[in-house]
Amino acid sequence: MPEKQVFTDSDIEIKEVYTKADIASFLDNNNEAPGQFPFTRGVQPDMYRGKFWTMRQYAGFSTAEESNKRYHYLLSQGVMGLSVAFDLPTQIGYDSDHTLAEGEVGKVGVAIDSLEDIARLFDGIKLDEVSTSMTINATGFILLALYVALAKKQGADLKKLNGTIQNDILKEYAARGTYIYPPKPSMRIITDVFEWCSKELPKWNTISISGYHIREAGSTAVQEIAFTLSNGKAYVKAALEKGLDINVFGKRLSFFFNAHNNLFEEVAKFRAARRMWARIMKDLGATDTKAMMLRFHTQTGGSTLTAQQPLNNISRVTIQTLAAVLGGTQSLHTNGYDEALSLPTEEAARIALRTQQITAYESGVADTVDPLAGSFFIESLTDEVEQKAWDLINQIDEMGGSVSAIEQGFIQNEIARSAYKYQQDIENGSKIIVGVNKFEIKETNDTPVFKIDDSIREVQSERLAKLRSERSAADAARCMNQIATAAKDGSNLMPYVIEAVENNCTLGEIADCLRREFGEHK
């Protein structure tokens, strides 16, 4: 009888048994300690013995007031940091009263149009006492400006502000689609943020280079890290061309990865990514070891959740939580079991948070650093994931880097090919999804779902009309002119955008001003 062949989704063959012979290189170089280059074993010497990962719950829906209630609830339940979801109009630079916003206001995240909205969103929350992650890209610089303006109003010390804006536009072109401007001006905005924050917001993570959405679009684990690290190289090179110091801005780069169900491949992926990024940064000229550290947030895999037998998703999220923690994440969001059906209910969000807390306090996996190190299987798989990822990165480098590879459609086509194969494997039964193509039951779905009312748009539109009628029209016009001039002459945009939001210019107005200067990506 022929030996059974088993492969991961990245097409890495898994052997029946692993021995010392599979990790000869590890045994030769096994003096590497956690917290030391190239950080395979983690970026901190003591990892979770010193401090647990930041436990976040991604939340944002409806109006700022409704999201604010959820944030206070989550903080009361033990989350350590907030993670803000924005609605589609906010993500692509339209105010809630814009015709293209109809039907989308407050649906997949919170609607933010102005400084008044951001003040409502964080009402009762001191910004210099909480870490805030904002999943926002094309308009990330405007949301950061709003956050800074509110912090100033609160009297906060900007040097203490701690958080992250995603601000990763390359993966939008490749996988997600919420871009506004063409690549060149988009990269310029991002490096403006790097430059401004290095002086004014030293503790702020200026970008979260995201593999999460690449994976959600259908990539494999290997493609996720290869494409993400290639995008990271492109941002670093753009910053270097602007004359920024890699040892300064390099410390504020962070990453955002997905955690799927193949526990060991995911752990190997995180370990390989750390090692690879350290070498990439060293090759690009970093000499400070902190600028070579890959620090990352993880979210459990949204695309792995099933509408069928939704309570099974609690088990999936638990496996993914273990993968992220065993892989050494710095921050984690766990999905609600009901997210294949709707936004998470309060109960589902609580169970998701409890999954992290049980892992931290009851499972023992956080008691020692990199507990799977030295496993014949894990070390061999880490090497294989790394080698396959380097092969892809080298292909992208030969094309001239990520921007060029995206413009040529290479990255998009690779993701599409993997997504198609994965779906084929489910449909032909070679990949089992419990409750979907095997172990099905007849069920009537009585899972409570969370619905958003369409009246949110009316509320936001009324607020916008009032804001525009009460602000100084002259000040708003002056601020818009300053932004347009800075866009033309290459001045850093951030000070002018902050002044604009402080004078009650709206997110849509600022985005439109730059649409006129930069054009739109088609």
Side-chain angles (χ1 to χ4, degrees), residues 43 51-61 64 67-68 70-75 77-87 90-91 108-110 112 118 121-122 125-148 150-151 156 158 160-169 171-172 176 178 190 193-194 197 201-213 215-216 228 232 235 251-259 294-302 321 324 329-336 339 343-344 349 352-353 356:
V43 293
K51 179 183 161 193
F52 285 131
W53 61 93
T54 302
M55 297 180 199
R56 298 186 190 277
Q57 283 308 111
Y58 187 45
F61 52 87
S67 294
N68 176 262
R70 178 67 66 92
Y71 297 154
H72 280 286
Y73 171 75
L74 289 169
L75 288 165
Q77 294 299 306
V79 301
M80 304 167 180
L82 300 176
S83 189
V84 185
F86 298 95
D87 72 358
T90 304
Q91 291 181 48
V108 298
V110 63
I112 298 294
I118 211 87
L121 186 67
F122 293 106
I125 298 168
K126 289 189 172 179
L127 299 190
D128 55 1
E129 292 178 7
V130 69
S131 164
T132 304
S133 170
M134 296 190 276
T135 304
I136 194 79
N137 297 287
T139 55
F141 67 106
I142 306 174
L143 267 299
L144 179 61
L146 288 162
Y147 195 84
V148 167
L150 178 61
L158 297 189
K160 289 183 182 171
L161 283 195
N162 185 350
T164 307
I165 44 170
Q166 193 164 98
N167 202 28
D168 173 7
I169 206 65
K171 67 96 176 50
E172 296 295 333
R176 192 162 171 267
T178 64
I190 288 166
V193 172
F194 287 3
C197 287
L201 259 63
K203 292 179 77 176
W204 193 266
N205 296 324
T206 50
I207 194 167
S208 175
I209 305 158
S210 175
Y212 184 84
H213 307 95
R215 193 69 178 280
E216 289 293 282
T228 306
Y235 293 124
K251 294 175 189 172
R252 300 313 333 156
L253 305 177
S254 67
F255 288 80
F256 174 23
F257 291 121
N258 210 317
L294 182 144
R295 298 165 301 115
F296 67 98
H297 169 71
T298 309
Q299 182 174 338
T300 57
T321 300
T329 194
Q330 277 61 67
S331 167
L332 179 61
H333 161 81
T334 32
N335 289 330
E339 287 189 52
L343 289 169
L353 175 61
Q356 294 199 51

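Residue numbers run from 1 in the order of the sequence given. These numbers were taken from a predicted model, which means no experiment stands behind them.
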Any side-chain to backbone donor/acceptor pair from [X] onto [Y]? Under 3.5 Å, distance only.
| X | Y | answer |
| --- | --- | --- |
| Arg252 | Trp204 | yes |
| Thr164 | Asn205 | no |
| Thr329 | Phe296 | yes |
| Asn167 | Thr206 | yes |
| Gln356 | Leu332 | yes |

To the nearest 0.5 Å, what is the distance between [atom1] on [X] and [atom2] on [Y]?
| X | Y | atom1 | atom2 | value |
| --- | --- | --- | --- | --- |
| Thr139 | Met134 | OG1 | CE | 10.0 Å |
| Thr300 | Tyr212 | OG1 | OH | 6.0 Å |
| Leu121 | Leu150 | CG | CG | 9.0 Å |
| Thr135 | Gln166 | OG1 | CD | 5.0 Å |
| Arg56 | Gln299 | CZ | CD | 12.0 Å |

Notebook entry, point to check: Can you tell which of Thr132, Leu82, Val130 makes a side chain to side chain contact (heavy atoms under 4.5 Å, CB included) with Tyr71?
Noted result: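 Passing option: Leu82.
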Notebook entry, point to check: What's the verdict on side-chain contact (heavy atoms from CB on, under 4.5 Å) for Phe255 and Asp168, showing C-alpha distance, side-chain angles and the deciding distance?
Noted result: CA-CA 10 Å; Phe255 288 80; Asp168 173 7; over 6 Å; no
Check: Can you check side-chain contact (heavy atoms from CB on, under 4.5 Å) on Gln91 and Ile136, steps first, answer last?
Finding: CA-CA 6 Å; Gln91 291 181 48; Ile136 194 79; 3.9 Å; yes
Next item on the list: Taking the side chain as every heavy atom from C-beta outward, state whether Thr90 and Val110 have any atom pair closer than 4.5 Å.
Entry: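 Sidechains of Val110 and Thr90: no contact.
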Item checked: Qualifying residue, where the test is side-chain hydrogen bond (donor to acceptor under 3.5 Å, both in side chains) with Asn258 and the options are His213, Arg215, Glu216 ->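 Considering His213, Arg215, Glu216, a side-chain hydrogen bond (donor to acceptor under 3.5 Å, both in side chains) with Asn258 is found only for Glu216.
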Check: Going through the checks in order, is the side-chain contact (heavy atoms from CB on, under 4.5 Å) test met by His333 and Ser83?
Finding: CA-CA 8 Å; His333 161 81; Ser83 189; 5.6 Å; no
Notebook entry, point to check: Mind checking whether His297 and Phe256 have parallel, tilted or perpendicular rings, split at 30° and 60°?
Noted result: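 Tilted: the ring planes of His297 and Phe256 meet at 30° to 60°.
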Checklist line | Evaluation steps, side-chain contact (heavy atoms from CB on, under 4.5 Å), between Ile165 and Tyr147 | finding: CA-CA 10 Å; Ile165 44 170; Tyr147 195 84; over 6 Å; no
